[in-house]
Amino acid sequence: MQVGIDKIGFYAPSQYLDLTELAQARGEDPNKYLIGIGQSEQVVIPVTQDVVTMAASAASQVITDDNREKIAMVIFGTESGIDHSKSAAMYLKRLLHLPDQIRAIEVKQACYGATFGVQTAKDYVKANPEKQVLVIGADIARYGLNTPGEVTQGGGAVAMTIAAAPQILALDDATSFRSEDIMDFWRPLYRTEALVDGRYSENIYVDFFQAVFHDYCKTTGRTIADFAALTYHLPFTKMGLKGLRSVLPEASDTQQTRLKANFEASRVYNRRVGNLYTGSLYLSLMSLLANAALATGDRIGLFSYGSGAEGEFYSGTLVQSTPALAAKQQFDAYFKKRTKLSVAEYESCFKRQLPNHDVLLDTKADDARFVLTGIKHDQRQYVDRSHTE
Ligand code: COA
């Protein structure tokens with residue numbers, strides 16, 4: 001029985017920063033950002049959006065009357081949650097009108113959370129093929145104004161349903177993972193911005209990729225020649241390129257050309273959205289599906305990395321290539337409707353954080369279906385505008 005990604009949806013706010021303008025404001029050569037980092041634009045998150053609202057907007061694209069009652073579990077991967085105790089999945093369950101006979105939990109291991117969700121969901125659906133699992137990767141990536149990490153910020157959400165007889169990607173059984181207690185990136189509870197040892201994290205990322213990729217190959221007997229594409233966690237797109245380059249010499253010239261072309265397809269959207277933390281790998285998968293010439297049965301490799309650190313390499317085969325067209329149209333429409341902010345507007349938006357007291361927010365400028373309207377009695381207030389307008 002095949003189990004895998006049945007549906008996939010994406011949401012990010014519709015305001016962004018042009019990174020050429022950010023480079024100019026920071027006194028950097030724009031090519032450092034565009035080529036050296038591999039990012040050209042970055043989503044800017046308004047105060048009226050958080051991981052719950054973004055996840056709800058992404059998940060509303062994959063939850064329909066056809067599958068709502070089949071969802072047995074929500075696994076919400078995030079490292080920018082809104083509560084130290086209550087799971088973001090619980091708010092999501094209410095906003096999406098999911099059944100009460102459901103497990104709804106939040107998981108955290110930096111950018112790895114959604115992959116834990118996918119693998120756990122795969123095992124669950126194999127044992128319960130009539131059920132489905134909703135997996136979320138939603139985050140806001142914040143490093144701070146005028147920091148080296150500033151150019152690698154962003155945010156957004158990816159939602160996936162994992163089901164038997166999937167429509168998009170049938171997951172292979174084999175998977176290789178590795179964990180090690182490493183201080184390359186962390187965010188203490190009292191901070192809203194992450195701390196990172198940037199160069200160290202890049203080196204660990206590549207080390208982990210090589211370790212789990214080669215372990216996967218050893219276990220399965222597959223080689224790099226078995227992959228039509230390798231996709232990566234992309235905190236910034238140059239990071240994935242470094243991972244790919246580290247194994248390219250194992251491929252023939254023809255395979256190298258194909259893997260490089262498909263890597264370019266897999267970073268088209270990430271370049272323009274920025275870092276989604278745990279959703280980044282899955283945005284890259286969407287970018288690949290929408291922009292590469294792939295055929296049914298093609299095997300795709302997925303490398304997930306969460307600083308701290310957990311790495312996993314797994315794979316799947318493409319079930320059909322038709323969802324790609326719908327995905328491309330959706331992304332084209334999204335990028336077309338976005339509004340560019342000046343650097344000054346971005347800085348002011350970045351500084352505007354939710355206070356730790358009751359507040360009523362002005363949501364007029366936010367065009368999302370799900371918005372955060374404020375805090376009342378220390379509880380975040382969410383609205384689904386499709387029910388109120
Ligand atoms: N044209 C083209 N490339 C240029 C350039 C120019 N004018 N100027 C610099 N570059 C290149 C550098 O050579 C370097 O390339 P390399 O990484 O291939 O060596 C790259 O741009 C970055 O330059 P660097 O001086 O290292 O940038 P930095 O000190 O500002 O920091 C990061 C870059 C990535 C370390 C920093 O943004 C960061 O810490 N980001 C967060 C890291 C992260 O997400 N870690 C988690 C991993 S999962």
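Start at 1 and go down the list; that is how both ligands and their atoms are numbered. When a residue number appears, it is its place in the shown sequence, counting from 1.
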The one among K242, R199, E150 that brings a heavy atom closest to atom 14 (C) of ligand 1 | R199
Tell me, please, whether Y216 has R222 positioned over its six-membered ring: NZ or CZ under 6.0 Å from the ring centre and within 45 degrees of its axis?
-> no
Those atoms of ligand 1 less than 4.0 Å from some heavy atom in G198 | 35 (C), 39 (O)
the protein heavy atom lying closest to atom 48 (S) of ligand 1 turns out to be Y305 CD2, 3.5 Å
Does any donor atom in the side chain of T237 or N270 lie under 3.5 Å from an acceptor atom in the other side chain?
-> no
For atom 2 (C) of ligand 1, grab the closest protein heavy atom and report residue, atom and distance to one decimal in Å.
-> N31 O, 3.4 Å
Identify the closest protein heavy atom to atom 35 (C) of ligand 1: which residue and atom is it, and at what distance?
-> E202 OE2, 3.6 Å
Close aromatic pair by centroid cut-off 6.0 Å: F10 and Y334 = yes
Start with the C-alpha gap between Y346 and L22, add the side-chain angles, then the distance that decides, and say whether side-chain contact (heavy atoms from CB on, under 4.5 Å) holds.
-> CA-CA 10 Å; Y346 143 71; L22 182 68; 4.1 Å; yes
Flag for Q119-Y314: side-chain donor and acceptor within less than 3.5 Å = no
Salt bridge R380-D83, side-chain N to carboxylate O under 4.0 Å = no
shortest atom 34 (C) of ligand 1-to-protein heavy-atom contact is with F236 CZ, 3.6 Å
Kindly confirm or rule out a cation-pi arrangement of R272 over F335, judged by NZ or CZ under 6.0 Å from the six-membered ring centre and within 45° of its axis?
-> yes
So the atoms of ligand 1 within less than 4.0 Å of a heavy atom of P235 turn out to be 44 (O), 47 (C), 48 (S)
Protein heavy-atom partner closest to atom 40 (N) of ligand 1 - residue, atom, separation in Å | T152 OG1, 3.5 Å
Would you verify that at least one protein heavy atom lies under 4.0 Å from atom 12 (C) of ligand 1, or report that none does?
-> no
Quick check: does D29 get an N/O under 3.5 Å from an N/O on ligand 1?
-> yes
Report, in ascending order of atom number, the atoms of ligand 1 lying under 4.0 Å from any heavy atom of K238.
-> 15 (O), 16 (P), 18 (O)
Considering only protein heavy atoms, which is closest to atom 31 (O) of ligand 1, and at what distance to one decimal place?
-> P148 CB, 4.2 Å
Can any side-chain N or O of D298 pair as donor or acceptor with the backbone N or O of A295 at less than 3.5 Å?
-> yes
Is the Y382 to F370 ring centre distance short of 6.0 Å?
-> no
Does E28 have a heavy atom less than 4.0 Å from any atom of ligand 1?
-> no
Taking Q255 for its side chain and S252 for its backbone only, find out whether a donor-acceptor pair lies under 3.5 Å.
-> yes
Nearest protein heavy-atom contact for atom 9 (C) of ligand 1: which residue, which atom, what distance?
-> K32 CG, 3.5 Å
Under 6.0 Å from the six-membered ring centre of Y16 and within 45° of its axis: does the NZ or CZ of K340 meet both?
-> no
Given L34, T147, I37, N275, which one has a non-hydrogen atom that is nearest to atom 22 (C) of ligand 1?
-> I37
Among non-hydrogen protein atoms, atom 21 (O) of ligand 1 lies closest to G36 CA, 3.1 Å
Would you say S307 and ligand 1 have an N/O pair spaced under 3.5 Å apart?
-> no
Do ligand 1 and Y205 have nitrogen or oxygen atoms that lie under 3.5 Å from each other?
-> no
